[in-house]
Amino acid sequence: MLRIITQQADVRAELQRICDRTHDEQVPNKEATVREVLQAVKRQGDKAVLHYTTEFDKQTLKPEELRVTGSEMDAAYQQVSKELMGAIRLACRQIEAFHRQRVPKSWVHFGDDEVVLGKRYTPVDRAGLYVPGGRAAYPSTVLMNAIPAHVAAVPRIVMVTPPGPGGAINPAVLVAAQEAGVQEIYRVGGAQAIAALAYGTETIPKVNVITGPGNIYVTLAKKLVYGTVGIDSLAGPSEVLVIADETANPVHVAADLLAQAEHDPMAAAILLTTDAALAKNVQVALERQLVDHPRRIDTEKAIAHYGLIIVVESLTAAAELSNEFAPEHLELEVKDPWALLPQIRHAGAIFLGYSTPEAVGDYLAGPNHTLPTSGAARYASALGVETFLKHSSIIQYSQTALENVASAIDVLATAEGLPSHADSVRRRIKLEE
């Protein structure tokens, strides 16, 4: 049963509990396991990757079976329906169109005395994309990670994903990868996949940045290899927070909460509403929609542990609680969402109005669905083209320009006790001794 809270004294404690749900007391033990996997792959390469694939995924592979072949890709296209193929290609177009608008431009400014300043953006050489398996197949995750890398013009895009029975990979995942510009796919998952991408093996190339969500072992592995490679974020369980007033449709709100809860037993689904009647109606509608739900067991667990309805006194109060929680996904199902929007400071993605369920953003609106979780929206943003780019400063001074600032540099360098810094300027100017 989805709980309803009306006592404001309990609200913040409950929201904090849900936000902290990934603070597992077993994390130190899991991190020790991940460290062992990382070191083994770093030392032994493919041998360790194959060992852990057998141990954790129960799939025994040979080194030559790690990489997905061209014939497998061809077979995947034959197994995907025309309707699914059309949906994947539509999503590709939408996502690419959005991310092309976000490509930063290199620039150069020519100032006085022939001072030239600028910024130059260049892609990483190799990007590694992690696509989870297990509970479901995620072609949408492939698109959301691969297309920004492709738009950023990354020369080599590599994907890893856990093997299923017989080493198989879902054909929709393979097709999505091909359509999104992935050049290499390897059937390996878990911490061993992150290790392979970070350090390289005989078969799997070392990359410069790793993106994509995964389970706690994948997340810990990304945390531990950060610095050796770049990462997008440390993704936690998914979450949605809905702000709704009396005009919202309770059946739709219930469906949106369930759409998040069905992801994972640790997914969070929260409703903040100004209307007590809507709260009760959503509770009833959700129970009805759970009947015969194909993923009922996991969905009920999420609702029971991390589902919540909070009745608040005003939309302003709802916005403030939302900002404290900083949700991954925020839906504004209110009469005037644009009026409420300025009060929202922290959210990964914001969905406005009655006809914008989160599923639109999950699949093909265009903005990325790889978003900050567990309160990270206070300081972090969605995955995007910039994740695969780095920028270099461009600086050029003329002799005149250098002479104009030489004394200031001399003073600063001397104050810092760095005489050679000052000398490197002094020796270039006309007053040099």
Side-chain angles (χ1 to χ4, degrees), residues 15-39 41 56 124 127-135 138 140-142 144-146 148-149 159-162 188-199 207-241 260 263-268 302 306 324-330 346-349 362 367-384 386-388 390:
L15 288 176
Q16 191 61 52
R17 180 189 67 82
I18 294 172
C19 188
D20 293 342
R21 68 196 184 282
T22 57
H23 295 181
D24 185 350
E25 61 185 17
Q26 295 301 314
V27 163
N29 294 334
K30 293 173 180 176
E31 188 168 303
T33 300
V34 170
R35 287 183 186 276
E36 176 188 312
V37 172
L38 295 179
Q39 288 304 311
V41 173
F56 298 140
V124 298
L129 317 179
Y130 187 92
V131 176
R135 296 181 184 278
Y138 297 103
S140 62
T141 299
V142 178
M144 292 293 183
N145 282 265
M159 188 179 99
V160 294
T161 190
V188 56
Q192 63 269 27
I194 301 302
L197 292 174
Y199 305 124
V207 301
N208 308 116
V209 63
I210 300 173
T211 70
N215 63 20
I216 184 62
Y217 294 99
V218 169
T219 301
L220 289 172
K222 287 172 68 177
K223 176 183 176 182
L224 293 172
V225 300
Y226 176 66
T228 300
V229 294
I231 63 171
D232 54 345
S233 64
L234 300 175
S238 197
E239 58 204 28
V240 68
L241 189 149
Q260 199 61 230
H263 270 293
D264 184 277
M266 292 188 71
Y306 308 113
E324 291 181 24
F325 188 76
E328 177 188 17
H329 307 97
L330 172 62
H346 310 303
D362 278 348
N368 212 284
H369 79 197
T370 303
L371 300 164
T373 61
S374 302
R378 296 185 191 93
Y379 58 83
S381 306
L383 183 148
E386 59 270 27
T387 306
F388 302 97
K390 59 231 168 22

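Just so you know, these numbers use all the heavy atoms, side chains as well, and skip hydrogens, waters and symmetry mates.
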Sequence neighbours left out, what passes side-chain hydrogen bond (donor to acceptor under 3.5 Å, both in side chains) with Ser238? Give chain and number order.
Gln260, Glu328
Counting N and O atoms only, with roles assigned by atom type, does the side chain of Asn368 sit under 3.5 Å from a partner on the main chain of Met144, one being a donor and the other an acceptor?
yes
Side chain to side chain contact (heavy atoms under 4.5 Å, CB included) involving Ala193 - partner list, sequence neighbours excluded:
Tyr130, Val160, Val188
Partner residues of Ser140 under the side-chain hydrogen bond (donor to acceptor under 3.5 Å, both in side chains) criterion, sequence neighbours left out
none
Could you tell me which residues satisfy side chain to side chain contact (heavy atoms under 4.5 Å, CB included) with Gln16, sequence neighbours excluded, listed by chain and number?
Cys19, Asp20
With sequence neighbours left out, what residues match Ala268 under side chain to side chain contact (heavy atoms under 4.5 Å, CB included)?
Ile18, Arg21, Glu239, Tyr306
Once rounded to the nearest 0.5 Å, what's the spacing between atom CG of Leu197 and atom CE of Met159?
11.0 Å
With sequence neighbours left out, which residue pairs that include part of residues 212-221 fulfil the salt bridge (charged side-chain N to carboxylate O under 4.0 Å, His left out) condition?
none
ring-ring contact (aromatic ring centres under 6.0 Å, His included) partners of Tyr226, counting only residues at least two apart:
none
Those residues that, when tested against Glu386, pass side chain to side chain contact (heavy atoms under 4.5 Å, CB included) (two or more places apart)
Arg102
State which residues pass side-chain hydrogen bond (donor to acceptor under 3.5 Å, both in side chains) with Arg378; sequence neighbours excluded, sorted by chain then number.
none
I'd like to check the salt bridge (Lys or Arg N to Asp or Glu O under 4.0 Å) partners of Lys223; sequence neighbours left out, ordered by chain and number.
none
Cut-off 3.5 Å, no hydrogens considered: what does the side-chain donor-acceptor table look like for residues 228-235, sequence neighbours left out?
unit_1, atom_1, unit_2, atom_2, d
Asp232, OD1, Lys222, NZ, 2.7
Asp232, OD2, Gly212, N, 3.0

